[in-house]
Amino acid sequence: MRLPLNPGESIEMFVRMLRLGWEPDGYTYPFVLKACGEIRGNGVVGFCVHGVVVKNGLGDCNVFVCNALVMMYFKSGVLRDARKVFDEMCERGVEDVVSWNSIVAAYVQSGDVKGALRLFERMGRRGEFGVRADAVSLVNVLPACGVGKAWRRGKEVHGYAVRSGLCEDVFVGNAIVDMYAKCELMDEASKVFERMKVKDVVSWNAMVTGYSQVGRFEDALSLFKRMKMEKIDLNVVTWSAVIGAYAQRGLGYEALDVFRQMQLSGSEPNIITLLSLLSGCASVGALLQGKETHCYAMKEILNVSTNDPGDNMMVINGIIDMYAKCKSANIARAIFDSIPLEDRNVVTWTVMIGGYAQHGEANDALQLFSEMLAQNRYVMPNAFTISCALMACARLAALRFGRQIHAYVIRNHFESSTFFVANCLIDMYVKSGDVDTARVIFDNMDNKNSISWTSLMTGYGMHGRGEEAIRVFDGMRRAGMPIDGVTFVVVLYACSHSGMVDQGMNYFHRMERDYSVIPGVEHYACMVDLLGRAGRLNEALNFIKEMPMDPSPIVWVALLSACRLHTNVELGEFAAAELLKLEAENDGSYTLLSNIYANARRWKDVARVRSLMKYSGIRKRPGCSWVQGKKGTATFFVGDKTHPRSHEIYDLLADLIHRITALGYVPDTRFALHDVDDEEKGGLLFEHSEKLALAFGILTSTPGMPIRITKNLRVCGDCHTAITYISKVIDHEVIIRDSSRFHHFKNGSCSCKGYW
DNA sequence: ATAGGGTTAG
């Protein structure tokens, strides 16, 4: 009799057999149990068959039947019952290598790596009873060593494979290579790989992906080249891995080029290829190629109805992420909105929130995050989501919201899950003007990485607490943290904003000598800024002349703003001209130049810059300041009268100006003319956005509490003077974050001490 | 029986 292939029919026939009174034997049961395992999740039928087996007394003596039972329970996801049957066999000492392999595979696949390894060890001790691991055992257990990074056990298995000669088997060899690769022991993996007499495409792929995952991209790519030279049949895994390697390095165009080669070779891309490709496009902002991939993906998704819905969602998430990273948040949002609420998973929400947070739509990010919390039926935020939301808070200096998220983090025990959340919290508190709380979080972290240290150091730098920044740097070195180019940007920035010129110079000279970090253009820009802020403009210029590379726009901007601070018209004109040559001028550099002229009272030149801007179609970004109130954020532009409490605000401001004038404040009219596109409004000094925000802050906050204001541009010079005076007559510390740094105004002085 | 994938920080 030939059994039907369809598992359903198989079971049906078995039932008919029982009804007709036939007694199944030791050959029948394995067939029907296999069928039960194949019908996923149908443990019930399998359980009934188990009952029949027990009734007929076969469960005690027939190893084939028992093995089939173990397999059936394992495939039906009932690990506990599989283990029970297996243990009964062991007690009677009837189990064979297939029984062991089945139970180990069951543990590996259910994710219990440690349990699997324990079982495998016990299997080794059964050797004297004639149970010897075969190729299948090794291929079962090796991935468990890889996943659990249990490389000692992996080495033992490798040794056994060599002694038993099983390593000649290409499957075993591949599994060993992959085990070492997963344990990040690529040199071991390479040794095994090179010694393999028979290699297949899987062996090569395991090596390529291994190198790629430990960041050895050059090695991954040279293997890929060797594959092509040795005419190995590249499959979709190879191509996807190479595309992924390029994408991970941020080389999206190279990834796209490999994709083109793949298409020429006739290999059909699959879902993983698409995901790798999308992340490549996202990393370089290649919108056009991203759209192409989007079209291709839609075709795939529509054609293949058998796709796993989870896989499809991954592709859609990749597409949303790609659009968001290619600065097309609107398209991303349209796709996001088209996904039914119940289908969106946590990544769908996170890529959209993160997309907004990274591209200047931080308000939308927080709005969406709130919506996500409000629908708590389908998904909850994870550490990724929280990090993205905190990034948005940091951009907006949204301290209130940030604190709420901090509370959420504590309630839901996110703080210990990864570095990311805690590091983002540090950054959020720093950028919202509360370094001291950032410090508390830092101190409470069980593990810190270099980003934790640099984030805190950036914080002290931004707040003009240079000495403390340097102490953090010293601590970072003592903790053995890697010191890289970014670390030094932060160190130099901190020196520059605290006027620590000599120390900054010293660090600059030591970075290559003592830390082998070669100064890049960004470090030269920091030095120009450091010297410039301190008024040593000629030294700054010499620094630029002696740079080993061409100065980039940031270098000239640093010089230009130093010229504004110290009113050096000639050098300022020079810097502006250099920016113009690089075609890197923007509204900021025009404003700086116009301010330089205004400082020197050269009004004609001010007018000239203004008409130049009009001519080239560059408009000054309107200055804008905001304060967080209990009822949300209040935003002010110059001369803004749209706020419902506008009258009170202007009255209070007039009163304050009156009072500080008595203390010696003289309005600095040079700044009145700076707002190039607000000339018709008269540019009345006391209508500047930061002053309006301050007045609103005073009106709405409890006496004694600090008032925190954020401005999109640099704070205006007259406002800086006025607020310094105002801090004498009010009962609040005033903390302003502008585009350059923090200013803490208290009792008639500002923490920036002129370095801004 | 072995290989590949999407979201986060300075």
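In the text below, chain A, chain B and the rest are named by the order of the sequence lines, each starting its count at 1.
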OP1 or OP2 of dT7(B) versus the side-chain N and O atoms of Gln358(A): is any pair under 4.0 Å?
no
Grab the CE-P distance between Met391(A) and dT8(B) for me, whole Å please.
8 Å
Looking at Lys325(A), does any N or O in its side chain come under 4.0 Å of the phosphate oxygens OP1/OP2 on dT8(B)?
yes
Please work out if Ala383(A) contacts a base, only the sugar-phosphate, or nothing of the nucleic acid, heavy-atom cut-off 4.0 Å.
base
Nucleotide dG4(B), atom P - distance to CH2 of Trp239(A) in whole Å:
19 Å
I'd like to know if Ser455(A) reaches the base of dG10(B) with its side chain such that a donor and an acceptor end up less than 3.5 angstrom apart.
no
So which nucleotide from dG10(B), dG4(B), dT7(B) ends up closest to the side chain of Ile272(A)?
dG4(B)
From CD1 of Ile386(A) across to P of dA9(B) the rounded distance in Å is 14 Å
Quick note, Val237(A) side chain, CB onward, closest among dG10(B), dA3(B), dT8(B) is dA3(B)
Rounded to whole angstrom units, what separation is found between the CE atom of Met314(A) and the P atom of dG5(B)?
10 Å
Do Arg344(A)'s NZ or CZ and the ring of Tyr378(A) fall within the cation-pi criteria of under 6.0 Å and 45°?
no
Determine yes or no for a side-chain-to-main-chain donor-acceptor pair under 3.5 angstrom, with Ser240(A) supplying the side chain and Val236(A) the backbone.
yes
Closest to the Asp178(A) side chain, choosing from dT7(B), dA3(B), dA1(B)
dA3(B)
Separation of dT7(B) atom C1' from Tyr323(A) atom OH, nearest Å, is 18 Å
Between dT8(B), dT7(B), dA3(B), spot the one nearest the side chain of Thr350(A), thanks.
dT7(B)
Taking OP1 and OP2 of dG5(B), is either one under 4.0 Å from a side-chain nitrogen or oxygen of Gln213(A)?
yes
Applying a 4.0 Å non-hydrogen cut-off, can you work out what Lys448(A) is touching in the nucleic acid: base, sugar-phosphate, or nothing?
nothing
Going by 5.5 Å between centroids and 30° between planes, is there a stack of Phe171(A) over dA1(B)?
yes
Can you find a side chain N or O atom of Lys431(A) that sits less than 4.0 Å from OP1 or OP2 on dA9(B)?
no
Give the rounded distance in Å between these two atoms: CG of Leu234(A) and P of dA3(B).
19 Å
Choose from dT2(B), dG5(B), dT7(B) the nucleotide whose nearest atom is closest to any side-chain atom of Val347(A).
dT7(B)
Scan residues 183-195 of chain A against DNA chain B and write down, sorted by residue number, each residue with any heavy atom closer than 4.0 Å; if none is found, say none.
none
Considering the options Trp239(A), Phe217(A), Trp204(A), which one meets the ring-ring contact (aromatic ring centres under 6.0 Å, His included) requirement together with Phe224(A)?
Trp239(A)
Under 3.5 Å, is there a donor-acceptor pair linking the side chains of Ser455(A) and Asp427(A)?
no
Separation of dA9(B) C1' from Trp453(A) CH2 (nearest whole Å)
17 Å
Quick test of your reading of the model: are Arg195(A) and Glu188(A) salt-bridged, counting only N-O distances below 4.0 Å?
no
The side chain of Asn423(A) is closest to which nucleotide in this list: dA3(B), dA9(B), dG6(B)?
dA9(B)
Classify the side chain of Asn101(A) versus the base of dA1(B) as yes if they form a donor-acceptor pair under 3.5 Å and no if they do not.
no
In whole angstroms, how far is the C1' atom of dA1(B) from the CD atom of Glu168(A)?
18 Å
Kindly indicate whether a cation-pi arrangement holds for Lys448(A) with Phe419(A), taking the cut-offs as under 6.0 Å to the six-membered ring centre and within 45° of the axis.
no
Shortest side-chain distance from Ser387(A), nucleotide among dT8(B), dA1(B), dG4(B):
dT8(B)
Tell me what Asp134(A) touches on the nucleic acid: a base, only sugar-phosphate, or nothing, going by heavy atoms under 4.0 Å.
nothing
Looking at Arg439(A) and Asp436(A), is there a salt bridge between them, counting it only when a charged N and a carboxylate O are closer than 4.0 Å?
no
Which of these nucleotides, dG5(B), dG10(B), dT8(B), is closest to any side-chain atom of Asp427(A)?
dG10(B)
hbond_proxy Asn270(A) side chain to dG5(B) base (donor-acceptor, 3.5 Å cutoff):
no
When you measure from the side chain of Asn174(A), which nucleotide among dA1(B), dT2(B), dT7(B) comes out closest?
dT2(B)
Side chain of Ser279(A) (C-beta onward), nearest among dG10(B), dA3(B), dT7(B):
dT7(B)
With a 3.5 Å distance limit and no angle check, can you tell me whether Ser276(A) reaches the backbone of Ile243(A) through a side-chain donor-acceptor pair?
no
Short question: side chain of Asn444(A), backbone of Val440(A) - any donor-acceptor pair under 3.5 Å?
yes
